Structure formats: structure tokens, C-alpha cells
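Below you'll find the structure, written out as C-alpha cells, and then a few comments.
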Amino acid sequence: QVLLVESGGGLVQAGGSLRLSCTASGITFSTYVMAWFRQAPGKEREFVAYISWGGSRTNYADSVKGRFTISGDPAKNMVYLQMNGLKPEDTAIYSCAAGPMTTISKNGYRYWGQGTQVTVST
């Protein structure tokens, strides 16, 4: 059984930082692309970042480029999202996902965590 569990969300003031973590079990971490998506109230789930272990590729949404960093430790089955310079518009539920290919489409990811709430106040 595949299980993805996120942690690290919370309430932070604009300009602050948070580090999200995702622990994966039941998958061979190094063979999957790991991604972060987010969904704000009333909006579609949107791509944030992905990391591909095999090619060490990363990709970011334009809205977070330069502020967020995705990283991880395949040996520990952990992936992280360091978020700096947070803005109120970053407020959303952040979910990690695992899939077989590098894509920014949510439809390309097979496994999902429950998500962790990030709230950025003004």
C-alpha cells in the first residue's frame, strides 16, 4: 500500500518561511517523480514543483520560481518544499504526489497525500 504523508504546514506572516515534508512508503522512491501541488479555496489544484531523481531534474511554477525549492532524500523516502518569501496568495492546501513521469499535470500523478494547510497572513 502506497502512503504519502505531508507535514510542516501552518500559519505564517507574509514574507516568512515554511518547510513542508512528505514521507512516502510503499513505493520505490528513486523510480518516481515527486511533486507538490496546491489548491486554494474555490480554485483548481495547481502544480507547484517536481523533482525527478533519475535525472535530478526540477521544475517550478512561474508563481513560485525563485522563492520555493524542492529537494529530497531518496534514501529516506522524503521530499521537501522550502518556501521563502511567502505571500498571501500562497495560501492553500499543499499536497505531495508521486508519478511515473515528469509532468506539471495533476493527471500524471498516481499517488497523493492528504495535504497540509498553509496560511499566509498579511
Side-chain angles (χ1 to χ4, degrees):
Q1 181 182 357
V2 178
L3 189 63
L4 304 179
V5 179
E6 304 91 340
S7 62
L11 173 65
V12 64
Q13 286 188 328
S17 298
L18 281 175
R19 188 194 196 206
L20 305 183
S21 300
C22 174
T23 303
S25 60
I27 59 174
T28 304
F29 207 65
S30 58
T31 65
Y32 277 82
V33 176
M34 299 300 296
W36 288 94
F37 284 77
R38 66 186 183 186
Q39 187 167 20
K43 294 189 177 182
E44 293 286 321
R45 179 177 281 176
E46 66 173 2
F47 167 76
V48 175
Y50 68 62
I51 185 164
S52 168
W53 307 116
S56 297
R57 284 179 59 187
T58 59
N59 191 21
Y60 297 90
D62 288 343
S63 59
V64 306
K65 205 169 290 184
R67 300 188 296 124
F68 291 10
T69 303
I70 189 170
S71 64
D73 187 342
K76 296 181 179 179
N77 277 15
M78 296 283 295
V79 63
Y80 309 102
L81 186 68
Q82 178 67 43
M83 306 185 295
N84 299 328
L86 283 161
K87 304 175 182 179
E89 51 263 44
D90 294 318
T91 295
I93 295 174
Y94 285 71
S95 300
C96 70
M101 65 182 71
T102 53
T103 177
I104 66 172
S105 170
K106 59 182 181 293
N107 297 322
Y109 292 87
R110 186 173 302 165
Y111 304 110
W112 292 85
Q114 290 295 313
T116 184
Q117 176 71 48
V118 171
T119 303
V120 185
S121 64
T122 55

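In this text, all values refer to a predicted model and were calculated from it rather than measured experimentally.
- Of all the heavy atoms in Ser17 and Gly85, the pair that sits closest is OG-N, 4.4 Å.
- Between Pro100 and Gly108, the shortest heavy-atom contact is CD-O, 3.5 Å.
- Although no hydrogens or angles enter the test, the distance criterion places a donor-acceptor pair under 3.5 Å between the side chain of Thr91 and the main chain of Val120.
- Hydrophobic clustering (ILVMFWY, side-chain heavy atoms < 4.5 Å, transitive): Ile51 and Val2 are in one cluster.
- Trp112 places a side-chain heavy atom less than 4.5 Å from the side chain of Lys106.
- Checking side-chain atoms of Glu6 against main-chain N and O of Cys22 turns up no donor-acceptor pair under 3.5 Å.
- Side-chain atoms of Ser95 and Arg45, non-hydrogen and from C-beta on, do get closer than 4.5 Å to each other.
- Considering only heavy atoms from C-beta on, Ile27 stays 4.5 Å or farther from Arg110 through its side chain.
- In this structure, the separation between OH on Tyr60 and CD1 on Ile104 is 14.5 Å, given to the nearest 0.5 Å.
- Summarising the geometry, atom CG belonging to Leu3 is positioned 9.0 Å from atom OG1 belonging to Thr23; distances are rounded to the nearest 0.5 Å.
- In this structure, Pro88 and Thr122 approach most closely via the heavy-atom pair CG-CG2, 3.5 Å.
- Under a hydrophobic-cluster definition in which Ile, Leu, Val, Met, Phe, Trp and Tyr are linked whenever side-chain heavy atoms come within less than 4.5 Å, directly or via other members, Val118 and Ile93 are assigned to different clusters.
- No more than 12 heavy atoms of other residues, nucleotides or ligands lie within 6.0 Å of CD in Gln114, so this atom counts as exposed by the packing criterion.
- Applying the 6.0 Å contact sphere to NZ of Lys76 captures no more than 12 heavy atoms from other residues, nucleotides or ligands.
- In this structure, the side chains of Arg57 and Val33 stay at 4.5 Å or more apart for every pair of heavy atoms.
- Between the side chain of Gln39 and the main chain of Ala92, no donor-acceptor pair closer than 3.5 Å is present.
- Atom CE of Met78 is separated from atom CG of Asp73 by 8.5 Å, given to the nearest 0.5 angstrom.
- Looking only at distances, no side-chain donor or acceptor of Asn59 sits under 3.5 Å from a matching main-chain atom of Tyr50.
- Met83 places none of its side-chain heavy atoms less than 4.5 Å from the side chain of Trp36.
- Between Tyr32 and Tyr111, some side-chain heavy-atom pair lies under the 4.5 Å cut-off.
- Residues Ser71 and Gln82 form no side-chain contact, since every pair of their non-hydrogen atoms from C-beta on lies 4.5 Å or further apart.
- The shortest side-chain heavy-atom distance between Tyr80 and Arg19 falls under the 4.5 Å cut-off.
- Atom CD of Glu89 has more than 12 heavy atoms from other residues, nucleotides or ligands within 6.0 Å.
- The six-membered or imidazole ring of Tyr109 lies near that of Phe37, with a centre-to-centre distance under 6.0 Å.
- By the 4.0 Å N-to-carboxylate-O rule, Asp90 lies too far from Lys87 to be salt-bridged with it.
- In this structure, Leu81 and Ala49 approach most closely via the heavy-atom pair CD1-CB, 4.4 Å.
- Under the 4.5 Å side-chain contact rule for hydrophobic residues, Phe47 and Val64 do not share a cluster.
- For the side-chain contact (heavy atoms from CB on, under 4.5 Å) test with Ile70, the passing option among Leu20, Val48, Thr58 is Thr58; the others fail.
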